[in-house]
Amino acid sequence: MLRRCWSWLQADRPAPRITVLALACAGVLIKLGTPAASTGHSKSEFREMAAARPREMQVNFEHPFSVWQSAEHTGDKLSRKEDGKFGNDFQFSGPEVVITGQPGQVIEGFGGAFTESSAAVYGKLSEEQKAKFIEDYFHLDGLGYVLGRTHINSCDFSLDSYTFDDHDGDVELTQFDTSLGRDQKQLLPLIWDAQYMVRAQIGGRELKMLASPWSPPAWMKNQSWNSGAPVMDHSGQPCLKAGMERVWANYIAKWITAYRAQGVEIWGMTVQNEPLNNATWEACLMSSHEEGHFVANHLGPVLRSTHPEVQIFVYDHNKDKVYDYAMDIFKNPAAGQYVAGVAYHWYSGDGWDNLERLQDELRHTNLKLLASEATWEAYRWRPGTVISKGDWAFGEGYGHDILGDLNRGAVGWLDWNLILDEKGGPNHVNNVCDAAIQVDFSAKQVYRHPQYYYIGHFSKFLVPGSLHLGSHVLRSGSAPAGQRPYGTCTGADGLQATAARKPNGQVAVVVLNCGDTEVEFKMKYAALAAKLKIPAHGIQTYLFQEMAGV
């Protein structure tokens with residue numbers, strides 16, 4: 001490892017890569033006890049660089065709790081506020097956030113998607129902007145991301161459609177590009193830079209990568225619906241030609257092997273992105289029966305023999321169908337033996353009832369629930385929205401969704417594109433979107449949008465290995481009636497909250513207020529309580545030491 005670290009530092013690499021590598025190698029050199037003379041830094045300097053706590057996470061435990069806040073009309077954006085103290089419990093007639101301490105799921109972490117589009121935007125940044133971008137997302141002083149998602153072959157957020165074997169009839173995959181030449185250009189360098197930064201953090205963190213296919217190569221697909229040349233866009237029903245299921249499973253395994261050879265381990269994969277969406281971009285329709293058959297007889301056995309460490313998540317589509325689709329697959333025990341969990345998206349709205357039903361079904365299993373994609377499509381931009389500020393409601397929508405998902409068993413939450421340009425792309429089918437970080441290349445500026453800060457209220461505090469704790473809110477809001485557009489959060493939702501116990505024994509509580517007025521509330525934990533206030537359109541994270549007996 002030391003030799004690899006030294007070769008990384010000696011290689012002719014861009015400035016941000018050197019910065020990230022230096023931090024990553026610092027952790028390696030400390031672990032190996034490398035003499036300081038070999039690096040030009042003292043061991044204490046490396047330890048300070050790679051192992052220091054993030055600046056704003058320094059908690060003074062002379063005070064029982066600390067608080068961070070973001071709020072629309074205050075200027076606060078993940079701002080540390082004045083510490084407070086719990087006291088004895090008291091009577092209170094207003095809203096009350098109660099932390100019950102009932103243990104739930106273990107948190108894997110938070111993250112975003114490494115798409116070719118994001119990589120293309122990243123590649124156009126200045127060296128200083130690249131280094132700042134990597135720190136913003138993957139350093140503990142930033143969002144502390146530890147999850148990533150990427151696409152197998154192209155997706156709508158690629159510059160155009162592509163695969164790694166376009167040779168019609170190559171069922172043995174002898175022409176598969178094991179060098180991953182297309183991804184070597186932009187996508188892999190972005191993943192590498194993120195990996196190096198994650199590994200530089202205290203505690204030996206790793207970037208866990210989730211892979212999702214949008215479409216097999218066109219020559220594997222049923223093109224009966226298409227009178228022209230074979231394409232990856234759209235899908236027939238079934239998607240795959242007869243006899244191509246095992247070929248496609250072997251293709252996926254070769255892709256995982258090729259990524260490993262490039263230093264990127266795949267933690268998990270979803271069987272198919274949005275299997276019920278016959279999209280105008282890369283797509284592959286799969287009913288729950290078809291997906292279960294594919295997992296049971298092809299993908300599961302192939303990965304069990306080639307990459308048993310890779311976790312398989314089924315579904316990977318909207319919450320409105322998550323219960324029925326997943327439970328139909330689990331009726332097939334031959335498929336279930338290979339499945340690690342269920343992934344889902346947010347585009348059909350809250351869907352809390354379906355998640356609750358699924359959570360109840362999986363409560364006594366080791367199966368995981370994973371929120372694998374959310375973003376704001378460009379059509380949701382309101383008049384007057386400017387790229388320099390974004391839309392505060394977009395942050396609130398993320399906070400609402402993350403809270404709801406965590407309270408219903410999610411082990412992690414993944415944003416879509418990490419970064420996009422001023423048009424919400426590039427995107428080869430004009431399916432443009434917002435992003436937590438966007439770039440205005442004409443102004444040469446990189447902007448954080450409200451989503452960035454709202455995600456941070458979770459990702460910086462509910463760190464990997466945290467145990468979700470039960471909580472509920474009394475005397476505030478009501479269950480929304482009917483179906484609402486994704487990301488909707490208003491004052492009618494009342495206060496919302498979630499909690500987790502970090503591995504170091506600290507408890508983190510996140511409270512959200514989407515209303516137009518400040519709310520005074522009580523937070524109760526064990527026999528203690530505190531009277532608190534949260535601004536209109538605000539989110540707060542409270543951090544305090546676990547109390548005995550809870």
Engineer: Quick one: does Gln451's side chain get under 4.5 Å of Asp434's, heavy atoms only?
Structural biologist: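 With C-beta onward as the side chain, the pair touches.
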Engineer: State the CE-NE2 distance between Met244 and His298, to the nearest 0.5 angstrom.
Structural biologist: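 The distance works out to 12.5 Å.
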Engineer: Given the side-chain rings of Trp267 and Phe313, with only the six-membered ring counted for Trp, is the space between their centroids under 6.0 Å?
Structural biologist: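 Yes; Phe313 has its ring centre under 6.0 Å from that of Trp267.
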Engineer: Decide yes or no on side-chain contact (heavy atoms from CB on, under 4.5 Å) for Glu361 and Tyr323, but give the supporting numbers first.
Structural biologist: CA-CA 9 Å; Glu361 293 283 354; Tyr323 177 84; 3.0 Å; yes
Engineer: Should the ring pair Tyr398 and Trp376 be called parallel, tilted or perpendicular, given that the plane angle runs from 0 to 90° and is split at 30 and 60?
Structural biologist: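 Parallel, since the angle between the ring planes stays under 30°.
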Engineer: Heavy atoms only: give me the nearest Glu282-Ser215 pair and the separation to one decimal.
Structural biologist: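 What the structure gives for the nearest pair is CB-CB, 3.7 Å.
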Engineer: Do you know which two heavy atoms are closest between Leu240 and Met286, and how far apart they sit?
Structural biologist: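 The pair with the smallest heavy-atom distance is CD1-CE, 4.4 Å.
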Engineer: Would you call the rings of Tyr145 and Phe138 parallel, tilted or perpendicular if under 30° counts as parallel and over 60° as perpendicular?
Structural biologist: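 Perpendicular, since the angle between the ring planes exceeds 60°.
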Engineer: Testing Thr270, Asn354, Asp320, Leu369 one by one against Tyr344 for a side-chain contact (heavy atoms from CB on, under 4.5 Å), which residue passes?
Structural biologist: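 Only one option passes, and that is Leu369.
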Engineer: To the closest 0.5 Å, what do you measure between OH (Tyr338) and CD1 (Ile329)?
Structural biologist: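 So the gap between those two atoms works out to 14.5 Å.
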Engineer: Could you tell me if Lys130 sits above the aromatic ring of Tyr122, with its cationic atom closer than 6.0 Å to the ring centre and no more than 45 degrees from the axis?
Structural biologist: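 Output yes; distance and angle both within limits.
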Engineer: Relative to the ring of Phe164, is the ring of Tyr162 parallel (under 30°), tilted (30 to 60°) or perpendicular (over 60°)?
Structural biologist: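 Because their plane-to-plane angle is over 60°, the rings of Tyr162 and Phe164 count as perpendicular.
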Engineer: Evaluate the side-chain proximity of Glu291 to Asp316: yes if any heavy-atom separation is below 4.5 Å, no if none is.
Structural biologist: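 Counting from C-beta outward, Asp316 and Glu291 never come under 4.5 Å.
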Engineer: Flag the pair Lys321 and Asp324 as a salt bridge only when some basic side-chain nitrogen lies within less than 4.0 angstrom of an acidic carboxylate oxygen.
Structural biologist: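 Here Lys321 does not pair with Asp324 in a salt bridge, since their nearest N and O are not under 4.0 Å apart.
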Engineer: For the residue pair Tyr259 and Trp255, is the inter-centroid distance of their aromatic rings smaller than 6.0 Å?
Structural biologist: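 Yes, the ring of Tyr259 comes within the 6.0 Å limit of the ring of Trp255, centre to centre.
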Engineer: Hey, are Asp160 and Arg182 close enough for a salt bridge, meaning a charged N less than 4.0 Å from a carboxylate O?
Structural biologist: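 Looking at Arg182 together with Asp160, the answer is yes, because their closest N to O distance falls below 4.0 Å.
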Engineer: Salt bridge check: are Lys132 and Asp136 linked by an N-O gap of less than 4.0 Å?
Structural biologist: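 Salt bridge: yes.
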Engineer: More than 12 heavy atoms of other residues, nucleotides or ligands under 6.0 Å from CD of Gln184: is that the case?
Structural biologist: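 It does: Gln184 CD has more than 12 such atoms within range.
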Engineer: Looking only at the side chains, is there a donor atom on one of His468 and Thr498 sitting less than 3.5 Å from an acceptor on the other?
Structural biologist: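 Their side chains do contain a donor-acceptor pair, which is all the 3.5 Å distance test asks for.
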Engineer: What verdict does the side-chain contact (heavy atoms from CB on, under 4.5 Å) test give for Trp192 and Val264, after you've listed the backbone C-alpha separation in whole Å, the side-chain angles of each residue and the deciding distance to 0.1 Å?
Structural biologist: CA-CA 8 Å; Trp192 291 332; Val264 179; 3.8 Å; yes
Engineer: Can a salt bridge be assigned to the pair Lys221 and Asp233 using a cut-off of 4.0 Å between side-chain N and carboxylate O?
Structural biologist: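 Answer for the salt bridge query: no.
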Engineer: Treating Asn427 as the side-chain partner and Asn430 as the backbone partner, does any N or O pair qualify as donor plus acceptor under 3.5 Å?
Structural biologist: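 Yes; at least one donor-acceptor contact below 3.5 Å.
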Engineer: Any donor and acceptor pair, going by atom type alone, linking the side chain of Arg501 with main-chain N or O of Ala508 inside 3.5 Å?
Structural biologist: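 Not at all, since once roles are kept as given, no pair shorter than 3.5 Å links the two residues.
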Engineer: Give the intermediate values and the outcome of side chain to side chain donor-acceptor pair (under 3.5 Å) for residues Tyr347 and Glu377.
Structural biologist: CA-CA 10 Å; Tyr347 302 105; Glu377 295 160 287; over 6 Å; no
Engineer: Over 60° means perpendicular and under 30° means parallel, so tell me whether Tyr452 and Tyr137 are parallel, tilted or perpendicular.
Structural biologist: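 Taking Tyr137 first and then Tyr452, their aromatic rings sit tilted (interplane angle of 30° to 60°).
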Engineer: Determine whether the aromatic ring centres of residues Trp352 and His400 are separated by less than 6.0 angstrom.
Structural biologist: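 When the ring centroids of His400 and Trp352 are compared, they turn out to be within the sub-6.0 Å range.
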Engineer: Can we say Lys368 and Glu108 salt-bridge, meaning some charged N sits less than 4.0 Å from an Asp/Glu carboxylate O?
Structural biologist: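 Salt bridge flag = yes for Glu108 with Lys368.
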Engineer: Could you tell me whether the side chain of Gln195 and the main chain of Gly263 form a donor-acceptor pair under 3.5 Å?
Structural biologist: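 Such a contact is found between Gln195 side chain and Gly263 backbone.
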Engineer: May I ask you to test the Leu355-Asp350 pair for a side-chain heavy-atom distance under 4.5 Å?
Structural biologist: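 Counting from C-beta outward, Leu355 and Asp350 never come under 4.5 Å.
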Engineer: For Tyr486, does the six-membered ring have the charged nitrogen or CZ of Arg380 within the cation-pi criterion, i.e. under 6.0 angstrom from the centroid and within 45° of the normal?
Structural biologist: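 Yes, a cation-pi geometry holds between Arg380 and Tyr486.
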Engineer: Flag the pair His449 / Phe394 as yes when at least one side-chain heavy-atom distance between them is below 4.5 Å, and no otherwise.
Structural biologist: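 SC-SC contact between His449 and Phe394 ruled out.
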Engineer: Just checking, any donor-acceptor pair under 3.5 angstrom between side chains of His428 and Ser158?
Structural biologist: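 Ser158 and His428 do not have a side-chain donor-acceptor pair below 3.5 Å.
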Engineer: I need the minimum non-hydrogen distance between Trp413 and Leu147, along with the two atoms involved.
Structural biologist: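 In this case the closest contact between Trp413 and Leu147 is N-CD1, 4.4 Å.
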Engineer: Identify whether the distance between the nearest side-chain nitrogen and carboxylate oxygen of Lys208 and Glu265 falls below 4.0 Å.
Structural biologist: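 A salt bridge is absent here (no side-chain N lies under 4.0 Å from a carboxylate O).
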Engineer: Is atom CD of Gln175 surrounded by more than 12 heavy atoms (other residues, nucleotides or ligands) closer than 6.0 Å?
Structural biologist: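 Atom CD in Gln175 is crowded, with more than 12 foreign heavy atoms closer than 6.0 Å.
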Engineer: When you measure from the side chain of Thr150 to the backbone N and O of Phe114, does any donor-acceptor pair fall under 3.5 Å?
Structural biologist: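 Judged by distance alone, yes, a pair lies under 3.5 Å.
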Engineer: Should Leu190 and Ile134 be marked as a side-chain contact (heavy atoms from CB on, under 4.5 Å) after you check the CA-CA gap, both sets of side-chain angles, and the distance that decides it?
Structural biologist: CA-CA 9 Å; Leu190 172 56; Ile134 293 295; 4.3 Å; yes
Engineer: Side chains of His151 and Glu116: closer than 4.5 Å at any heavy-atom pair?
Structural biologist: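 Yes, side chains in contact.
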Engineer: Got a salt bridge between Lys319 and Asp405, using NZ or NE/NH1/NH2 to carboxylate O under 4.0 Å?
Structural biologist: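 The answer is yes: the pair qualifies as a salt bridge.
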Engineer: Between Val342 and Leu358, is the side-chain contact (heavy atoms from CB on, under 4.5 Å) condition met? List the steps.
Structural biologist: CA-CA 9 Å; Val342 182; Leu358 190 56; 4.1 Å; yes
